[in-house]
Each structure stands twice: as structure tokens, then as C-alpha cells.
**Student:** 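Take this structure, written in C-alpha cells, and hold onto it; I'll ask about it next.
Note: hydrogens, waters and symmetry copies are ignored here, and every other heavy atom, side chains too, is used. Counting starts at 1 for both ligands and their atoms, following the listed order.
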Amino acid sequence: MPVAGDIALLRFIEDQRGRRERSDPLQGLLATPPRLSPRYFYDSLGSHLFAAITELDEYYPTRLERSIYAGQGEAIARATGQGHTMVDLGAGDCVKAELLLQRLQPAHYVAIDVAGEFLKSSLRRIEARFPQLKITGVAADFSEGLQWPADLACRRPLFFYPGSSIGNFSLPDARALLRSLWQACRQSDEGRGDLLIGVDLLKSAARMQAAYDDALGVTASFNLNMLRHLSHLTGVNFDVRKFRHHAQFNPAKGRMEMWLVSKCAQRMDWQGGSLVLNEGDAILSECSYKYAPDDFRRLLKSSGFQVVQDWFDATHGFMVCHARSDLH
Ligand code: AVI
């Protein structure tokens with residue numbers, strides 16, 4: 001992993017591994033139904049659109065989670081302790097970590113995100129607000145398991161995984177990712193670590209539906225932007241105007257789904273294959289699993305973690321869990 005640049009305490013590392021290994025981002029289009037990985041939402045524009053989503057009235061998860069950090073941050077810091085290497089997974093705009101930094105007083109803040117440029121600008125804001133804080137930015141995709149940069153010390157890790165991003169993984173993939181975090185805790189300097197993770201909980205279908213299909217159409221743009229991003233990445237011409245956004249709750253699978261629906265008959269060809277879509281045919285672009293608290297605690301346990309404590313917002317719509325790699 002080459003170091004891309006030093007800005008005061010801010011060190012930035014680019015992970016080239018993902019780019020080499022994922023040669024065909026369009027491979028999922030050959031499946032039934034055709035699908036795309038939600039990782040392709042997050043180019044620079046996609047990251048800005050996601051930041052805008054978090055400001056929407058309908059998108060409750062961010063508001064509920066922030067209310068937990070704002071109202072119960074002290075209790076959280078008492079439970080986790082201070083002085084960790086705080087590893088912010090999918091840091092994005094770093095706003096959620098910012099709510100806790102004062103209380104958690106980490107020895108080192110490591111922010112990881114696929115969208116490197118967006119992360120860099122977020123970290124400049126953090127650096128300006130916390131000039132004494134040691135900060136490292138890592139541009140990397142950890143969705144297939146976290147590979148800790150070999151040259152980066154990991155003393156007392158506290159993995160911070162907010163935003164219910166764990167909901168964007170199927171149950172086996174979520175377990176595998178959590179297991180890789182558990183392993184990173186075990187392989188760290190002291191052989192143990194903590195996890196603080198935000199989880200969106202099951203609630204009324206209407207409320208969830210509105211959160212993924214807002215009146216302003218920001219989520220629709222976020223969804224459609226994936227096609228624009230993939231056009232740039234692969235050279236295949238996805239005409240955004242020929243698709244529309246669709247979101248629906250799938251009660252059998254306990255998840256919100258986002259689809260890109262073809263408005264007409266069309267065909268896309270690329271080196272690895274081709275896709276023919278008729279009007280109404282749809283590409284699955286994201287699943288967002290919603291949990292019952294006990295099911296999520298069970299998932300943590302089955303990944304190796306010991307659940308210590310959890311906190312809820314006033315409506316019990318969102319949960320923040322603190323877990324440890326072992327009972328230290
Ligand atoms: C990042 N992730 C947790 C968001 C979610 O709610 O699944 C992404 C998102 N998709 C539509 N709106 C927000």
C-alpha cells in the first residue's frame with residue numbers, strides 16, 4: 001500500500017488491491033435478477049448525494065443514530081473507555097465520529113472509505129477541529145473483509161461502524177465481515193478490541209419505504225448515479241434517462257430493496273457479457289436489512305463478539321451496540 005501524501009498529522013493511504021481484483025463490476029448483471037454492487041454508489045457525486053440523503057426528513061436512520069450519540073455519548077464513552085485506535089469504517093463525511101471524538105478521546109483516528117477524495121476533504125474538517133488528534137485516512141474497500149494496513153500500528157482498536165451499513169450485507173456476508181473485524185481485534189497489539197456498531201431496526205413498512213423513496217428524489221438520483229459512475233468506470237453507456245428508481249420493503253426477507261427499472265427495451269454490451277432489458281425489467285442495486293435487536297445480538301455472538309451493552313433512540317427505531325472480541 002503506497003502512501004499517497006502527508007498533510008500534517010493526516011496520513012493518507014490508497015489501497016490498490018480492490019481495484020486490481022474486481023476486474024468486472026458488471027458481472028452481477030449476468031445473474032437472475034441482474035444486480036449491481038452497492039459499492040458503486042460511492043463515487044464523489046454519490047458520496048455527496050448520500051450526505052444529502054442523511055439530511056432528508058424521510059431518512060430517519062441518521063437522525064435517530066445521531067440522537068443516541070448526542071444524548072448517550074457519555075454512557076457510551078464510559079462503556080468503551082478512552083485512548084483507543086478508533087477505526088471509522090465507511091467514514092464518509094465523518095459526522096458521526098465527530099459527535100463522539102470529544103468523549104472517546106482516541107489516541108489515533110483511522111478513517112476508512114472507498115471514496116478517497118471525499119474522505120480527504122472530510123478529514124481536513126476533522127483536522128481543523130481537533131488539531132492535536134493523530135489522523136490517518138485509508139482509501140479502501142473493506143466490504144469483503146478488513147485487511148489491516150501492514151505498516152499501521154493498531155493499539156487497542158475500537159471499530160466504529162455507524163449508519164447501519166452492516167444492513168447492506170446479506171446475513172452470511174455480514175457475519176463474514178464482522179468475523180474479519182473480530183480477527184483484526186485478536187491480531188492487534190494487545191490481542192483484543194472493541195466494536196461500536198449502529199443498526200437500523202424493523203419498523204412500519206410505510207416509514208421505511210418513505211426513507212428510500214423521498215419526495216425530493218434525492219434517493220432516486222443516488223440510485224441512478226450508480227449507472228453514471230459505472231459508465232465512467234467501464235466505458236459501457238448506461239443511459240440514466242432510460243431507467244427509473246424503485247424502492248420497496250420485502251417483508252419475507254426483512255429488507256428494503258432498491259431497483260433500477262428499465263423504462264424501455266434496451267441492450268448493453270461489454271467485454272464480459274451483454275444484458276437485454278425489456279420495459280419494466282429491473283436491476284437490484286441495494287438491499288438494506290432491518291433487524292430485531294435480539295437477531296442482531298445473535299449475529300454479533302455468532303461472529304465471535306461478546307455483546308456488552310446497547311443503546312436506543314427514544315422511539316426504539318435504531319440501536320447502537322457495544323461488543324468486545326473477548327470479555328476484557
Ligand atoms: C449506507 N447505507 C446504510 C444506506 C442504507 O440506508 O442502506 C444507503 C442508502 N440507500 C438509500 N438510502 C441510503
**Student:** Compute the minimum heavy-atom distance from Phe41 to ligand 1 and say whether it is under 4.0 Å.
**Tutor:**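 No.
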
**Student:** At what distance is the nearest protein heavy atom to atom 4 (C) of ligand 1, and which residue and atom is it?
**Tutor:**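 Here the closest protein heavy atom is Tyr59 OH, 3.4 Å.
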
**Student:** Could you check whether Lys120 pairs with Glu117 (Lys NZ or Arg NE/NH1/NH2 to Asp/Glu carboxylate O, under 4.0 Å)?
**Tutor:**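 Looking at Glu117 together with Lys120, the answer is yes, because their closest N to O distance falls below 4.0 Å.
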
**Student:** Looking only at heavy atoms of Gly167, does any of them come nearer than 4.0 Å to an atom of ligand 1?
**Tutor:**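 Contact absent.
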
**Student:** Quick one, Ser204 and Met208 - any side-chain contact, counting heavy atoms below 4.5 Å?
**Tutor:**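 Contact flag for Ser204/Met208 side chains = no.
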
**Student:** State whether the shortest distance between N or O atoms of Ser164 and N or O atoms of ligand 1 falls below 3.5 angstrom.
**Tutor:**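 Not met; the criterion fails.
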
**Student:** Enumerate the atoms of ligand 1 whose separation from the nearest heavy atom of Tyr42 is less than 4.0 angstrom.
**Tutor:**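 Within the 4.0 Å cut-off of Tyr42, ligand 1 contributes 1 (C), 8 (C).
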
**Student:** Can you tell which part of Asp200 has a heavy atom less than 4.0 Å from ligand 1: side chain, backbone, both or neither?
**Tutor:**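 The answer is neither.
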
**Student:** Can we say Arg156 and Asp189 salt-bridge, meaning some charged N sits less than 4.0 Å from an Asp/Glu carboxylate O?
**Tutor:**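 Between Asp189 and Arg156 there is no salt bridge, as every charged N stays at least 4.0 Å from the carboxylate O atoms.
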
**Student:** Using the ring-ring contact (aromatic ring centres under 6.0 Å, His included) rule, take Phe169 and Tyr289 through it: C-alpha gap first, then chi angles, then the decisive distance, then the call.
**Tutor:** CA-CA 7 Å; Phe169 294 85; Tyr289 286 83; 9.7 Å; no

**Student:** Under the 6.0 Å and 45° cation-pi test, does Arg255 pair with Phe249?
**Tutor:**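 Pair Arg255/Phe249 does not count as cation-pi.
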
**Student:** Among protein heavy atoms, which sits nearest to atom 2 (N) of ligand 1, and what does the distance come to when rounded to 0.1 Å?
**Tutor:**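 Looking only at protein heavy atoms, the one closest to atom 2 (N) of ligand 1 is Asn168 OD1, 2.9 Å.
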
**Student:** Show the atoms of ligand 1 that are less than 4.0 angstrom away from any heavy atom in Gly163.
**Tutor:**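 With Gly163 as reference, the close atoms of ligand 1 come out as 3 (C).
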
**Student:** Just to be sure I'm reading this right: ignoring hydrogens, which of Glu58, Met208, Glu286, Lys290 gets closest to atom 10 (N) of ligand 1? Compare them by their nearest heavy atoms.
**Tutor:**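 Among Glu58, Met208, Glu286, Lys290, the closest heavy atom to atom 10 (N) of ligand 1 belongs to Glu286.
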
**Student:** With a 4.0 Å cut-off on heavy atoms, is Met258 touching ligand 1?
**Tutor:**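 Contact present.
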
**Student:** To which protein heavy atom is atom 7 (O) of ligand 1 closest, and what is the distance rounded to 0.1 Å?
**Tutor:**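 Protein heavy atom at minimum distance: Ser288 OG, 2.6 Å.
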
**Student:** Check this for me, if you would: do Arg35 and Glu257 make a salt bridge, where the nitrogen-to-carboxylate-oxygen distance has to be below 4.0 angstrom?
**Tutor:**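 The answer is no: the pair does not qualify as a salt bridge.
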
**Student:** With the threshold set at 4.0 Å, does a side-chain nitrogen-carboxylate oxygen contact exist between Glu98 and Arg125?
**Tutor:**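 Salt bridge between Glu98 and Arg125, a charged N being under 4.0 Å from a carboxylate O: yes.
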
**Student:** Less than 6.0 angstrom separating the ring centers of Phe160 and Tyr69, yes or no?
**Tutor:**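 Close enough - the centres of the two rings lie under 6.0 Å apart.
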
**Student:** Where the closest heavy atom to atom 11 (C) of ligand 1 is concerned, which of Tyr60, Tyr212, Tyr289 has it?
**Tutor:**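 It is Tyr212 whose heavy atom sits nearest to atom 11 (C) of ligand 1.
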
**Student:** Less than 4.0 Å is my threshold; does some heavy atom of Ser165 fall inside it relative to ligand 1?
**Tutor:**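 Ser165 counts as a contact of ligand 1 under the 4.0 Å cut-off.
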
**Student:** Taking NZ, NE, NH1 and NH2 as the nitrogens, is one of them in Asp93 or Lys96 under 4.0 Å from a carboxylate oxygen of the other?
**Tutor:**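 Looking at Asp93 and Lys96, the cut-off is not met.
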
